[in-house]
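Comments concern the structure below.
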Amino acid sequence: MKCVEDQMKMIKKGVEEIIPKEDLIKKIEKSIKTNKPLRIKYGIDPTGYDVHIGHLVPIRKMREFQDLGHTGVIIIGDFTAQIGDPTGRDESRPPLTAEMVKKNSEKYMEQLFTVLDKDKTEIRYQSEWFGGMNMMDVIKLMSKFTLAQFMAHDTFRKRWESGNPLFMNEIMYPLLQGYDSVAINSDIELGATEQKFNILCGRDMQRFYNMDQQVAVLSPILLGTDGINKMGKSLNNYIAVFDLPFDKYGKVMSIPDNLILNYFNYATKVDPDEIDNIKKELESGSNPKYIKQRLAREIVSLYHGAEEGMKVEEEFNKIFSQKEIPTDIEEYTVSQSPLWIVKLLTDSNLCASGGEARRMIKQGAVSINGEKITDENLQLEILSEQIIKVGKRKFLKIIKGS
RNA sequence: GGAGAGGUUCCCGAGCGGCCAAAGGGAACAGACUGUAAAUCUGUCGUCGAAGACUUCGGAGGUUCGAAUCCUCCCCUCUCCA
């Protein structure tokens, strides 16, 4: 096992805050002395299974802990999922069935294991400890905190002050998350900085149960592709693990230039020294496009391999810089000919409605074999291998059916 | 339990009997430009073979030639009082 200094150096990298740092040092010392791995906690809510690269910032940290010999513990929040984290924007939550929880967490873990070390990961469900609780236990949990403590928390206070509804069950959220730390006896909890309150709740909760208190290791929040809000599903500014390589590449290319270094730091495995070089390069005024392309390649490679990264980059240049046609285009079989162009666009799902299809034609966004379509009444003679293009990035190959 | 305010199109938010498919902003999409699905500028932004028609302003009824706008009941949220 590595010495305390080495471990600390590795842990501190790319981390915004460690609360309290002294405790972390003590924990590592103890772990080395007793040769016992630390238990590193991270919780997920199985409300869905779309994992984006923002979620993976703390997960990468967990992997580093695992590489240092420690144990990662993933909590499947099958109880907290019924509430919805108040720090998020989610409003009402439909109740989750057991099957949904199972399906979501399996898919979720599949994505996390692109980063984590399976042999050093423990998966635990909240229902293991909350499932058997009765009302007395719940009251006991609630008696540990005051309302004032919760109202001091920014997200609760803001909701309150802006006159938005704040439900009682939402107040339970930090309590449940906090008790998880007691249940699994965690040494360290990982999360983004917005999780500070919840994670510190876990610390308090452990103290109430006379346990060693966990340390909060907080990662910065990854901004979304819009460059303004945190990456998240509700704002549709996220890059998902399940996104196709080409989409990942394109989404990275759409981030504002000032986010490039941020992404290099938190969304790739590029060495910090190398990132320093990139920073200098950016400052020296070289074209950010090429640096962003490298970033996009790095991110795609991380999930799909270096080869795919190169391939996708070529494809991107082809379509957007040289305005050519992509190599692989989805095919669509048409048996009726001639076919009204608007019908073709809607039937093939290139456009959502007839109105949209007409609009696209009017705006000069539709072309067939490179020829712009201007007549929205066009009866198209269907020939095989016609390439239809809508906007910049929607392509379809028409196959003549019989 | 009492008193007040409010629920509008993906989101925020105006409208308070016809000129409302509903201002403005954001998001999204398209075009131009470029260094890219950056930035900027311009345009579009309910559905229907587009003519007119149909559906939409928390829900259900009603008044009216005509309702997002008025009335009744219901559901939901916020504020103050207890």
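Quick caveat: nothing in here was measured; it's all calculated off a predicted structure. Just so we're on the same page: letters track the sequence lines, and every chain starts at 1.
- Within 4.0 Å (heavy atoms only), A:Phe167 reaches sugar-phosphate atoms of the nucleic acid but no base atom.
- With B:A37, B:U34, B:G31 as the choices, the nucleotide that has an atom nearest any side-chain atom of A:Ala365 turns out to be B:G31.
- A straight line from CZ of A:Arg294 to C1' of B:G35 spans 19 Å, rounded to a whole angstrom.
- Taking the six-membered ring for Trp, A:Tyr49 and A:Tyr108 have ring centres at least 6.0 Å apart.
- In this structure, A:Leu295 atom CG and B:A38 atom C1' are separated by 13 Å, rounded to whole Å.
- Residue-level contact check: A:Glu313 touches neither bases nor backbone, having no heavy atom under 4.0 Å from any strand.
- B:U55 makes up no base pair with any nucleotide shown, lacking Watson-Crick or G-U wobble contacts both under 3.5 Å.
- The nearest heavy atom of RNA chain B to A:Trp160 and to A:Gly391 marks one nucleotide each, and the one closer to the 5' end goes with A:Gly391.
- With 3.5 Å as the limit, one finds a donor-acceptor pair spanning the side chains of A:Tyr173 and A:Asp45.
- Judged by atom type and distance alone, A:Gln363 does not reach the base of B:G31 through any side-chain donor-acceptor pair under 3.5 Å.
- Across B:G1 and B:G46, the matching C1' atoms stand 44 Å from one another, rounded to whole Å.
- Here B:G24 sits opposite B:C12 as a Watson-Crick or G-U wobble pair (both hydrogen-bonding atom distances under 3.5 Å).
- Between B:G58 and B:C76, the two C1' atoms lie 7 Å apart (nearest whole Å).
- Put simply, NZ on A:Lys292 is 10 Å from P on B:A37, counting in whole angstrom units.
- Of the N and O atoms on the side chains of A:Glu314 and A:Asn317, not one donor lies less than 3.5 Å from an acceptor on the other residue.
- Between the side chains of A:Asp50 and A:Tyr238, at least one donor N or O sits under 3.5 Å from an acceptor N or O.
- Residue contacts shown for A:Gly354 include a base, since a base heavy atom lies under 4.0 Å away.
- Distance check on atom P: B:C75 versus B:A30 gives 46 Å, rounded to whole Å.
- Here A:Asp247 lies in heavy-atom contact (under 4.0 Å) with a base.
- With rounding to whole Å, A:Glu376 atom CD is found 13 Å from B:C48 atom P.
- Note on A:Gly364: only backbone sugar-phosphate atoms sit closer than 4.0 angstrom, heavy atoms only; bases stay farther off.
- Taking atom C1' on both B:G13 and B:G18, the two are 24 Å apart, rounded to the nearest angstrom.
- A side-chain donor-acceptor contact under 3.5 Å links A:His70 and A:Gln7.
- When distances are taken from the side chain of A:Met360 to each of B:G49, B:C78, B:C29, the shortest belongs to B:C29.
- Note: CG (A:Asn236) to P (B:A37) measures 18 Å, nearest angstrom.
- Comparing B:A82 with B:G6, their C1' atoms sit 23 Å apart, to the nearest whole Å.
- An aromatic stacking contact links A:Trp340 with the base of B:G49, defined here by ring centres under 5.5 Å apart and ring planes under 30° from parallel.
- The six-membered or imidazole ring of A:His153 lies near that of A:Phe156, with a centre-to-centre distance under 6.0 Å.
- Looking only at atom types and distance, the side chain of A:Gln206 has no donor-acceptor partner in the side chain of A:Asn185 under 3.5 Å away.
- Here B:A28 presents its P atom at 9 Å from CD1 of A:Ile228, a figure rounded to the nearest Å.
- Per the geometry, CE belonging to A:Met253 stands 14 Å off C1' belonging to B:A39, to the nearest Å.
- The shortest distance between the side-chain N/O atoms of A:Lys289 and the OP1/OP2 oxygens of B:U36 is below 4.0 Å.
- Across all strands shown, B:U63 remains unpaired; no Watson-Crick or G-U wobble contact has both distances below 3.5 Å.
- Going from the C1' atom of B:G49 to that of B:G43 covers 24 Å, rounded to whole Å.
- Contact between the side-chain N/O atoms of A:Arg358 and the OP1/OP2 oxygens of B:C48 is not found at any separation under 4.0 Å.
- Residue contacts for A:Gly163: at a heavy-atom cut-off of 4.0 Å it reaches the sugar-phosphate backbone alone, with no base atom in range.
- Spacing of P atoms, B:C19 relative to B:U72, comes out at 25 Å, to the nearest Å.
- One can find a donor-acceptor pair under 3.5 Å joining the base of B:G35 and the side-chain atoms of A:Asp257.
- Contact annotation for A:Tyr290: no contact, since no heavy-atom pair falls under 4.0 Å across all strands.
- Distance, A:Arg359 CZ to B:A50 P: 16 Å, rounded to whole Å.
- Pair assignment for B:A32: B:U40, on the basis of Watson-Crick or G-U wobble contacts that are both within less than 3.5 Å.
- At the heavy-atom level, A:Lys323 lies under 4.0 Å from base atoms of the strands shown.
- No hydrogens or angles considered: a donor-acceptor pair under 3.5 Å links the side chains of A:Glu189 and A:Gln214.
- Within the shown strands, B:U79 is the pairing partner of B:A3 under the Watson-Crick or G-U definition, both distances less than 3.5 Å.
- The side chain of A:Thr225 contributes no N or O atom lying less than 4.0 Å from OP1 or OP2 of B:A37.
- Nucleotides B:U79 and B:G61 place their C1' atoms 30 Å apart, quoted to the nearest Å.
- Side-chain proximity of A:Asn287 to the nucleotides B:G49, B:G35, B:A37 is greatest for B:G35.
- Checking B:C48, B:A37, B:C78 against every side-chain atom of A:Ser353, the shortest atom distance belongs to B:C48.
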